[in-house]
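Okay, structure first, notes after.
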Amino acid sequence: MKKVLTIAGFDPSGWAGVQADVRTFEAFSSMGLSVITSLTAQNRKVVKAVQAIPPAFVKKEITAVLSEFDPDAVKIGMLGSFGNVTMLTRFIRERNLKNIVLDPVIRSSSGHPLLEKKGVTALREMLPLATVVTPNVPEASIISGAVIKKIKDVEDAAEMIFALGPANVLIKGGHLNGDPVDVLYNGTGFEYYEGKRIRAGREILHGTGCVLSSAIAAGLARERPVGKAVADARAYLIKTILRRLKED
Ligand code: PXL
């Protein structure tokens, strides 16, 4: 069985964070391993408080899990603090972990910071470790410094983020107007994943970035090429959103 590790935060609602990640890994028939970097007190509407786990303890978690298991892929989500970003960057480089999907979580959709400010700068140094980095438009703007309003801006931001070192950049188009287009850039060409906008409130969409990046990691674990892992992950996410709409 393939094993996929998530390094991310805890969301009590379970719609985002490590619980959403592990459910996604299991939906792809993989074993889910998790390292928690931060706790949040939130529901699907609002983040009340965030508490980062000290880096020394996060290091004990990841050391423990890796001393028994050798993951086929790693998803990195909310890290919470500068100290966690720098510790994990060093740790992942030293351990030479492969198939890394980095979801650069910076703030919640309600606007609450999920990473302290200097952590955002440090996140740039984590980018070279990523097989795929999956920013949404606001995150891509923050990382690249670019204003993103249309597809051409998305392409320019993808090139700028690619220059920081990841092997692939996937900018998710959901925050732009109209039907969403996700853009994948691998340094040579762009791939466009066109979707139909699903009418769903913020609660239903809570944690969709977590599910997508985890599904991509599960695909990489199964040795899918990046473009195929992204396509499969998008199909799974669309199915998940439609199911949530029905069940909510
Ligand atoms: O979707 C961003 C995100 C990631 N990880 C955790 C979160 C959130 C959003 O709220 O709580 C733990």
Side-chain angles (χ1 to χ4, degrees), residues 4-25 27 32-55 57-58 61-62 74-85 88 100-117 119-120 122-123 126-127 130 132-143 170-176 180 182 198 200-218 230 233-234 236-238 240-241 244 248:
V4 190
L5 169 66
T6 175
I7 305 172
F10 171 76
D11 165 8
S13 81
W15 283 56
V18 290
Q19 294 164 100
D21 295 345
V22 168
R23 277 202 304 273
T24 303
F25 300 153
L33 307 166
S34 29
V35 163
I36 296 191
T37 61
S38 40
L39 303 176
T40 70
Q42 67 173 314
N43 52 40
R44 296 183 304 173
K45 296 181 190 354
V46 63
V47 180
K48 297 283 191 187
V50 171
Q51 177 74 63
I53 307 294
F57 191 85
V58 176
E61 292 182 63
I62 190 166
V74 181
K75 171 252 164 83
I76 303 173
M78 176 181 175
L79 298 176
S81 69
F82 170 79
N84 279 338
V85 177
L88 286 163
I100 293 173
V101 181
L102 173 59
D103 184 13
V105 175
I106 296 172
R107 63 171 78 112
S108 72
S109 34
S110 55
H112 197 290
L114 297 176
L115 177 61
E116 62 179 332
K117 213 166 185 173
V120 178
L123 207 51
M126 195 175 239
L127 288 171
V132 192
V133 60
T134 64
N136 58 28
V137 163
E139 290 159 351
S141 274
I142 291 168
I143 295 167
L170 177 71
I171 301 184
K172 300 169 287 187
H175 287 78
L176 294 182
D182 297 344
I198 304 172
R202 216 175 59 205
E203 289 85 357
I204 292 290
L205 298 175
H206 180 69
T208 44
C210 302
V211 172
L212 185 78
S213 54
S214 295
I216 297 171
V230 169
R234 292 181 80 266
Y236 175 73
L237 179 61
I238 291 163
T240 301
I241 296 170
R244 286 175 171 193
D248 198 47

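All figures in this text were calculated on a predicted structure; none of them were measured in a lab. Just so you know, these numbers use all the heavy atoms, side chains as well, and skip hydrogens, waters and symmetry mates. In listed order, ligands and their atoms are each counted from 1.
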Subject >> Top protein contact for atom 5 (N) of ligand 1, by heavy-atom distance >> reply: Met78 CB, 3.7 Å

Subject >> Closest non-hydrogen atom pair, Lys75 against Ala217 >> reply: CB-CB, 4.1 Å

Subject >> His112 to ligand 1, any heavy atom closer than 4.0 Å >> reply: no

**OP:** For Asp11 and Gly17, indicate whether the former's side chain and the latter's backbone hold a donor-acceptor pair under 3.5 Å.
**Re:** no

Subject >> Atoms of ligand 1 close to His206 [distance to a heavy atom under 4.0 angstrom, numbered from 1] >> reply: 9 (C), 10 (O)

Original post:
Taking distance alone, with no angle check, do Gln42 and ligand 1 share an N/O pair under 3.5 Å?
Top reply: yes

Subject >> Nearest heavy atoms of Leu170 and Ile216, plus distance in Å >> reply: CD2-CD1, 3.9 Å

Original post:
Which heavy atom of Val50 sits nearest a heavy atom of Val47, and at what distance?
Top reply: CG2-CG1, 3.8 Å

Original post:
Quick one: does Gly209 get within less than 4.0 Å of ligand 1, heavy atoms only?
Top reply: no

Subject >> Mode of Cys210 contact toward ligand 1 - side chain, backbone, both, neither (heavy atoms, under 4.0 Å) >> reply: side chain

**OP:** Check Val35 against Val18 and note the closest heavy-atom contact, atom names and distance.
**Re:** O-CG1, 4.2 Å

Original post:
Less than 4.5 Å apart, any side-chain heavy atom of Leu79 and any of Val105?
Top reply: no

**OP:** Can you see which heavy atom on Met78 is nearest to which on Leu114, and at what distance?
**Re:** CE-O, 3.5 Å

Original post:
Got the closest protein heavy atom to atom 9 (C) of ligand 1, with its distance?
Top reply: Leu114 CD1, 3.7 Å

**OP:** May I ask which of Val18, Val105, Leu79 has a heavy atom nearer to atom 2 (C) of ligand 1 than the others do?
**Re:** Val105

**OP:** May I ask which of Ala8, Ser13, Gly9 has a heavy atom nearer to atom 12 (C) of ligand 1 than the others do?
**Re:** Gly9

